[in-house]
Amino acid sequence: MSWHPLLPWPLVVLLGLLLVGFTAWRVVADTHHRLRWGLRLATAVAMVLTLLGPAVDGAIARQAASDVNVYFVVDTTTSAMARDFDGDRTRIEGYREDMAKIQEEMPGARFSIITFDYAARVVMPLTTDTNALKTAAENLRAENSLYSGGSSITAAQERLRLTLEGAKERQPERSRIVFYLGDGEQTSSQDPTPFDLPDLVDGGAVLGYGTEQGGRMASTDADGEPGEDIKDSQGNPGVSKIDEKRLEEIAEQLGVPYTHREGGDIGPALTDADPGEAVDGEGAGIETYTSLVWVLALIMSGLLLADLFVTTREIGRLRRVEAEAGGTP
């Protein structure tokens, strides 16, 4: 049992002394209307108890504690449409699925999404809004394949560096966790520029998608909608293959582990990733309780109706007495 006053408690005590004291005095002094004043005394007591806000104590709910910023760096080149993830699903479906799993495992963290194809862009700035993250992930689309002219697997290097530097300057106390999601396929004619992010990455993982056999991939239009399968200049089906050696190099550059993903539990990958201090159930405690004010409100309503009934009955009796007295010679 606990009390949660609806008004400052000194004011509740003062009102209680006035209401209860006055009605109690009337119960004693007005012997002709003791029932009516008794009802009002009970109403006054119920009102004072209501203002004190009685409640039944409940559990202690705890918020998730997190001091982590999470950055998803996602490969949205045409190869994201290759159908060799978890059977014949596209790699981009794997990206979406794993981003949702990571969010569920890191309650309270802030999330951001950076995508890259021929260029890198921040498609979602840091936010704790999980619905925004879900929407942004569902709306991930591969680049328009008509303009696919070769891309680097480290095209997000500069954008990521600027983002992490800004986060470190504004919130140096928060860990910066990077999850790189891609297939490692370098289609640019030049070697990828290594990630150079000293002291900016505190954890994370490189998650690889695809198979060594590769998968065919659909072309995409400007809206990311799939079309016919891509073919090479000789008319043969275009096949994209994972390059795990490149992905391991990226993991080494970022100082995080590499994990090949084929669906399933993301837990082992997160364990290796050292994702900061996002711990469910260790945050600030919130005491929960069930208010009893509604019960007292019902009691007061009943007492007021009874008081009204008694008062109306007495008024009727007085009128009948006056009428009888007026008719007597």
Side-chain angles (χ1 to χ4, degrees), residues 72-102 114-118 120 137 140-145 148-157 160 178-195 201 204-220 224 226-273:
F72 292 110
V73 180
V74 186
D75 177 355
T76 53
T77 58
T78 302
S79 63
M81 296 300 293
R83 300 185 293 274
D84 61 349
F85 168 76
D86 188 24
D88 59 356
R89 300 170 65 197
T90 63
R91 296 171 188 170
I92 200 167
E93 289 179 272
Y95 303 162
R96 297 179 186 129
E97 188 174 281
D98 281 351
M99 291 167 70
K101 291 177 180 176
I102 291 171
I114 299 173
T115 62
F116 68 92
D117 36 59
Y118 64 90
L140 284 178
R141 297 288 184 271
E143 65 177 336
N144 187 339
S145 52
S148 178
S151 58
S152 171
I153 56 175
T154 59
Q157 141 82 7
L160 179 60
V178 176
F179 289 100
Y180 179 103
L181 298 86
D183 53 33
E185 189 177 45
Q186 175 78 7
T187 55
S188 171
S189 58
Q190 299 178 342
D191 287 336
T193 303
F195 279 106
V201 179
V206 172
L207 306 179
Y209 300 78
T211 62
E212 292 182 356
Q213 295 74 29
R216 296 185 182 183
M217 50 195 162
S219 60
T220 49
E228 297 181 354
D229 280 1
I230 292 176
K231 296 181 179 179
D232 61 21
S233 56
Q234 283 74 43
N236 299 315
V239 175
S240 172
K241 299 180 181 179
I242 187 173
D243 190 336
E244 292 196 276
K245 182 180 178 182
R246 293 282 193 187
L247 291 171
E248 289 171 350
E249 290 174 355
I250 292 174
E252 184 177 351
Q253 294 159 12
L254 295 176
V256 298
Y258 166 70
T259 299
H260 181 234
R261 293 291 298 154
E262 298 177 299
D265 185 13
I266 195 74
L270 287 181
T271 301
D272 295 338

Engineer: Using modelled atom types only, decide if a donor and an acceptor are shared between the side chain of H260 and the backbone of G210 within a distance under 3.5 Å.
Structural biologist: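 Judged by distance alone, yes, a pair lies under 3.5 Å.
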Engineer: Sort and list the pairs that fulfil side chain to side chain donor-acceptor pair (under 3.5 Å) and have at least one residue in residues 249-258, not counting sequence neighbours.
Structural biologist: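 Qualifying pairs, neighbours excluded: E244-Y258.
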Engineer: Residues in salt bridge (Lys or Arg N to Asp or Glu O under 4.0 Å) with E97, at least two apart?
Structural biologist: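 E97 satisfies salt bridge (Lys or Arg N to Asp or Glu O under 4.0 Å) with R89, K101 only.
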Engineer: Any side-chain heavy-atom pair from F116 and V73 closer than 4.5 angstrom?
Structural biologist: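 When only atoms from C-beta onward are counted, V73 and F116 do touch, with a gap below 4.5 Å.
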Engineer: Under the salt bridge (Lys or Arg N to Asp or Glu O under 4.0 Å) test, which residues partner D88, sequence neighbours left out?
Structural biologist: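 Result, salt bridge (Lys or Arg N to Asp or Glu O under 4.0 Å) vs D88: none returned.
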Engineer: Return the CG to OH distance between L181 and Y95, rounded to the nearest 0.5 Å.
Structural biologist: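 Output value for this atom pair is 7.0 Å.
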Engineer: Got a donor-acceptor contact below 3.5 angstrom from the T220 side chain to the E143 backbone?
Structural biologist: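 Checked: pair present.
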Engineer: Please enumerate all residues that pass salt bridge (Lys or Arg N to Asp or Glu O under 4.0 Å) together with R261, with sequence neighbours excluded.
Structural biologist: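 Scan of R261 (salt bridge (Lys or Arg N to Asp or Glu O under 4.0 Å), adjacent residues dropped) gives D98.
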Engineer: Holding to salt bridge (Lys or Arg N to Asp or Glu O under 4.0 Å), I want the full list of residues that pass it with K241, two or more places apart in sequence or in another chain.
Structural biologist: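 With neighbours one apart ignored, the set is empty.
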Engineer: Say whether T154 and Q157, considering side chains only, have a donor N or O and an acceptor N or O under 3.5 Å apart.
Structural biologist: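 There is no such pair (donor and acceptor under 3.5 Å, judged by atom type) between the side chains of T154 and Q157.
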Engineer: Donor-acceptor pair, S219 side chain versus E228 backbone, under 3.5 Å?
Structural biologist: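 Yes, S219 side chain to E228 backbone: donor-acceptor pair under 3.5 Å.
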Engineer: With a 3.5 Å distance limit and no angle check, can you tell me whether T187 reaches the backbone of S151 through a side-chain donor-acceptor pair?
Structural biologist: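 Such a contact is found between T187 side chain and S151 backbone.
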Engineer: What pairs meet the salt bridge (Lys or Arg N to Asp or Glu O under 4.0 Å) rule with one or both residues in residues 75-85, with sequence neighbours excluded?
Structural biologist: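 Qualifying pairs, neighbours excluded: R83-D229, D84-R91.
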Engineer: Quick one, T115 and F72 - any side-chain contact, counting heavy atoms below 4.5 Å?
Structural biologist: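 They are not in side-chain contact.
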Engineer: Is there a side-chain contact between N236 and K231, using heavy atoms and a 4.5 Å cut-off?
Structural biologist: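 Counting from C-beta outward, N236 and K231 never come under 4.5 Å.
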Engineer: A side-chain contact here means heavy atoms from C-beta on lying under 4.5 Å apart; do T90 and F85 qualify?
Structural biologist: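 In short, these two side chains do not touch, never coming nearer than 4.5 Å.
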Engineer: Are side-chain heavy atoms of T77 and Y118 found at a separation under 4.5 Å?
Structural biologist: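 Of all side-chain heavy-atom pairs linking Y118 with T77, none is under 4.5 Å.
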